[in-house]
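Here is how names work: the chains are called A, B, and so on, in the same order as the sequence lines, proteins then strands, and each is numbered from 1. Note that these values count all heavy atoms, side chains included, but never hydrogens, waters or copies made by symmetry.
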Amino acid sequence: MAIKKKPQKRALSHASKKTVTQKTGMKFPEYDHKKIEKTIQKEWLAKNIYKTETASKKKKYYVLDMFPYPSGAGLHVGHPRGYIASDVFARMKRMQGFNVLHPMGFDSFGLPAEQYAIQTGKNPNIFTEQLIKTYKKQLESIGFSYDWSREVATHRPDYYEWTQWIFLQIYNSWYDKTKNKARPIDDLVKIFEKSGNEKVHAVCNSNSVSFSAKEWKSWSEIEQQKILMNYRLAYEGYSEVNWCPELGTVLANDEIVDSSTGPVSERGGYPVEKKSMRQWFMRITAYADRLIQDLEGLDWSSHIKEIQKNWIGKSEGSEIEFTVSTGDSLKVFTTRADTLFGVTYVVLAPEHDLVQKLKLQIKNWNEVETYLSEVKAKSEEDRVSSKEKTGVEIKGIKAINPANSEEVPVWIADYVLAGYGTGAVMAVPAHDERDFEFANKYGLPIKQVITSEDSFRSIVVVLTLKDVDLFKKQLKEKAIPFEFAVSTISKREHIQVQFKKELLKDFITLVQNQITGTNWVEIVGNKNIIVQKDSVSEDLLDDADIWFKKFSEWEPFIRGQKSLWDMLGQNQFLREFVCYQNDGILKNSAQFSGKSSVEARKVITEFVGGKLVTKYKIRDAIFARQRYWGEPIPLIHKKVEPKLEIKFSGEFRYKLLKDGVKTIEVRALDKKERKNVNVGDILKFTHVEKQESFLVQVKELWNFKNIPEIFKKGKHLFTDIYPDQEINTIEELYNRYKKVAPNYDKRIDKYGCVAWRVEKISEGPLIIPVSEKKLPLELPNVKSYAPSGTGESPLATVKAWTTAGYETNTMPGWAGSSWYFLRYMDPKNKKAFADKKALTYWKDVDMYVGGQEHATGHLLYARFWHKFLYDLGYVPTKEPFKSLRNQGLIMATDGRKMSKRWGNVINPDDIVATYGADTLRVYEMFMGPFEASQPWSTESIIGSRRFVERVWRLGEKVATQSTAKSSEGIERSIHKAIKKVTEDIHSFGFNTAISAMMICVNDIENTLQKEGEALVVREYLMLIQILAPFAPHMSDVLWKQFGQKGSIHTAPWPTHNPKKLIDQEMTIVVQVNGKVRAELRFDTGMQKELIEAHALRDEKILPWIEGKEIKRVIYVPGKLINIVC
RNA sequence: GCCGGAGUGGCGGAAUGGUAGACGCACUCGACUCAAAAUCGAGUAUUCGCAAGGAUGUGGAGGUUCGAGUCCUCUCUCCGGCACCA
């Protein structure tokens, strides 16, 4: 049985409340954190010292925390780390005279509250408000300088009114690529009315077709809206969700776990499947490029920037058109157009359009179909996790390489993704690992077209141990007249030599002549090539065939070299072939041979009539949750009158048979042949009775108030026509039909007739936005928070909600957090999300502090929304967060993450109670570098407590007599500390800032022990001022204790005087050949020559330089002197 | 696999190319105390040496430099992100 060791609680010295009598007779209290913190917090509140006004002549500074999600688990000591840092920062800025905005709020919509509501049936609104209260209390006890009058919570209607408002702006916008910004959708409508969509250069759904202004105008509102939906920045669409039939609900990715039988729900372990559901999307892809571009000007950690860049995944390449033997064109996307001559096959994604289109021409359709269904049956996990590539050749179809007109086979394989690029790739197995693997598996040819141009190469020379020494010696003695590096690998008898490419020849000669019995291996990049000793020659440089030498040929040789085998056995050598993926010089590429990859990409693309294009990995963001506890999406699905779309089908001449119309004799328009078809078949025919042909053109949609019974979708109707008539509109057609319909059968034999068909009955609801005046669209009360069972949100079960036609999806968690920082600027505004004045004053966040886990979520979405608002002129800056700092996690004492599950959570309330908020703050800042993760240490925190107390007790020793003279040493320490602390807070080096203050306190204490030295009030106050951001309670109380008016937190920040930093003496380290041999003290500012003379005569130095010629003396002013001899 | 970041005492960590281990924890010894806690003082990388002092030392192997934890090359390990993105 494990014995749990209880952490020992340290006794703290505050126990007694007696006072200490100072030299001066003034009463100095003991440090009692509970009393101090409680009193001073009350005073702050009463005097409202952290309230921030917008109208200020002072310069603004906006310090923001990522607001918390108030969860039932409450805070643990890891959460406030970022808040403490930003608070320290904000406090310093405030003391430096800035008008600091430092607010706090709550990201209060989300899953856990919903989960709780489902389980308990309690109203999540009430529950959430309670949690917020608890959180606030916890935060307040730590002593943050938040202006609570600006608090926001995303679940409150006065807040989400504006989340909904922003949504509507996004919904009513489109992205103009020409102007590279979002514009109102009304602008687009105007363009459509004027010139259709041919000139529109917009970011839109790929299924949109081109149309003219006339066509646009001819469409019904529903049709127009459907077109517009392809352009809106918030649009309706479908996507696959994780559907759990047992639970009757949609699950988020983290609610799913893998099991042996496939994915199951975390709760209950029920199977989870994919289901296509209606969703709302945000067209973040429109901003992909700007989201990358504008990262450049941001003061964020390169780490986060990198993650975002990676996530957006920009890649520049070419779109190249291959021709398929059927005549169809096949576009591929590649970043390596330079390898076009190396294409030996092309691959389509299983979902590629051409696959279905060419169905009839595919000779092995059965095989293809089997493969397609196999792929479909595979779960996404299977498809990704099994690295084994599968595919099938499409027989009967070839693709023609536009570069050299070569015919190459066409394959379908699921390693090609339908959603990226064009869903088709040109395969260059010689220079792409995936193609390489696939080609090897299916025996496809490999054609080499790029040669390495590395200026450096590595060679591993296999030597005996004895030879290694010899070899090294030769190199050391510069027996080889060129630059290289030597290293032994794994302490075995290998030597790795690096050298410039042009020196290869010389090197080979040397090895062959001087070292006997060597064999060797060449490594290019991280790929290996074996070269037999005999075959080493000049053409090693340019004969690329060696890259494809079969391993089997060399295997016996390598096995013979046991150590080499050990070294290389586990790596790429197990491969039979090697493929070279880097840029290089082209070969086997007709007129392009000899060009560099970079140049060739451009010219080859041009040569084959391709296009240079940019692609992004990022996908549009799903902006809908099938949940209750989120902002309602302010849209109404309005039912409208149905519309018919009617399609003309053809002309017929009927041959009346005795028992009625059964067959029709017809002649096709283009192929002059007769054939019999059945009634209802749709064909293109000419009128044959008089050998005349006429066309019926139908381009209109028909609106019906009430659709006649006869118009069933897909039903064929026949209208008689006379040979000499023309029918131009559906209306004419319909009228004729109506006339004929009653005695249809009787008339039909006499005349020709035209067939037409109801193609589409568009009844779909029209989506209209809720009027801005009616916002907020408040969440209705529901009887049950349980899932609706259909996968839809519980809102779908609310009758009033659905009859009003309101959208039943709610917004995702990231909606409210994508703009909250703007609301803080003017949180009570009822007319706008924030007033223009407030927005122009506060502009953007100067310092944003939070966890890096939001790199690809919140931080991306917030930037996206902000850019959108900027495009429409609602905010003055392109980017919301100028500087960003990410705190490291605080792990539990056991090294794991703090979590209820592990039972290792440390509650800040306990720490505040035992040690005080000031100590908690100092400790969390002192633990280590702010951005690094550290484990919480129950033992180490005492050090911070000691420091806080020591500063307090230093107060007893302050000389309050007006005659007291300040000590030069103490003055210097304090000014040093001011300098260091100011700089370090700026650079978020809180741990070293505290260390500097500790050094300062140690210095003062030591100095005070000397006779005649005193700590004067002014200097002591400076010390507590720089400590104030870290220990705000204690320092403010001390401030008042020493008779200062107002709060320390509104007093100006001290500045250091550079003159006071200078010591009269300096310590110079004396080195001989870089080794420290002595330390000497000189007057500050002494000349180099004098110092040098002293150093050379020093008794500690003499033995080291005796009898040696002094070659050089290096002097680093004020620091060291190095004697080289 | 690819892209980032990091490896320094018993622990958290500090060091514009210039005395490696600041500061803190822990530990050891001492002072105070009847005693303990708290507090204060001294010490604390490894190794040789009684000492003075010397040698070694920042994951490993090399290099550049008067001088490298820091810069360069290779390599190992750990952490984070992405993951068949052509």
N/O-N/O pairs, protein side and nucleotides 44-53 of chain B side, under 3.5 Å:
none

### Task
Write down the atom of A:A349, the atom of A:L417, and the distance for their closest heavy-atom approach.
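Heavy-atom minimum between the residues: CB-C, 4.0 Å.
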
If we take the [atom1] atom in both [N] and [M], what is their distance in whole Å?
N	M	atom1	value
B:G60	B:A68	P	15 Å
B:G24	B:G30	P	23 Å
B:U58	B:G13	C1'	13 Å
B:U47	B:A38	P	30 Å
B:A42	B:A15	P	25 Å

#### Entry: Protein proximity profile, nucleotides 9-19 of chain B - base contact B, sugar-phosphate-only contact S, no contact -, cut-off 4.0 Å on heavy atoms
---BSS-B-BB

### Message
In this structure, is the centre-to-centre distance between the rings of A:F990 and A:F926 below 6.0 Å?
### Response
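Centroid separation for A:F926 and A:F990: 6.0 Å or greater.
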
### Message
Is the distance between the ring centroids of A:Y371 and A:W411 under 6.0 Å?
### Response
no

### Message
Holding to salt bridge (Lys or Arg N to Asp or Glu O under 4.0 Å), I want the full list of residues that pass it with A:R950, two or more places apart in sequence or in another chain.
### Response
A:E1005

NA contact type, [X], heavy-atom cut-off 4.0 Å: base, sugar-phosphate, or nothing?
X	result
A:S937	nothing
A:K309	nothing
A:V1124	sugar-phosphate

### By side chain to side chain donor-acceptor pair (under 3.5 Å) - contacts of A:E306 (at least two apart)
none

### Task
List in chain and number order the residues that pass side chain to side chain donor-acceptor pair (under 3.5 Å) with A:S973, two or more places apart in sequence or in another chain; answer none if no residue qualifies.
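Expected list: A:D1003.
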
## Note on the structure
Separation between OH (A:Y31) and OG1 (A:T919), nearest 0.5 Å, reads 4.5 Å

### Task
Report yes if a side-chain nitrogen or oxygen of A:R1112 is closer than 4.0 Å to either non-bridging phosphate oxygen (OP1 or OP2) of B:U65; otherwise report no.
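Answer no for this pair, as no side-chain N or O of A:R1112 is under 4.0 Å from OP1 or OP2.
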
### Task
Tell me whether the OP1 or OP2 atom of B:A86 has a side-chain N or O from A:Y415 closer than 4.0 Å.
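Checking A:Y415 against B:A86: no side-chain N or O falls below 4.0 Å of OP1 or OP2.
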
### Task
Assign each of A:E306 and A:K314 to its nearest nucleotide of RNA chain B by heavy atoms, then name whichever residue's nucleotide is nearer the 5' end.
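Final value for this comparison: A:E306.
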
Proximity to the side chain of [X] - top-ranked nucleotide from [options]:
X	options	value
A:I999	B:C40, B:C23, B:A86	B:C23
A:R946	B:A22, B:A86, B:C25	B:C25
A:K1075	B:C23, B:A86, B:U56	B:U56

#### Entry: Name of the residue among A:W936, A:F947, A:F1030, A:Y915 meeting ring-ring contact (aromatic ring centres under 6.0 Å, His included) with A:Y923
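The single option meeting the ring-ring contact (aromatic ring centres under 6.0 Å, His included) with A:Y923 is A:W936.
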
Atom pairs and distances, side-chain donor-acceptor, residues 1112-1125 of chain A, under 3.5 Å, sequence neighbours left out:
unit_1  : atom_1 : unit_2  : atom_2 : d
A:Y1115 : OH     : A:G1118 : N      : 3.1
A:N1122 : OD1    : A:N1073 : N      : 3.4
A:N1122 : OD1    : A:G1074 : N      : 3.0

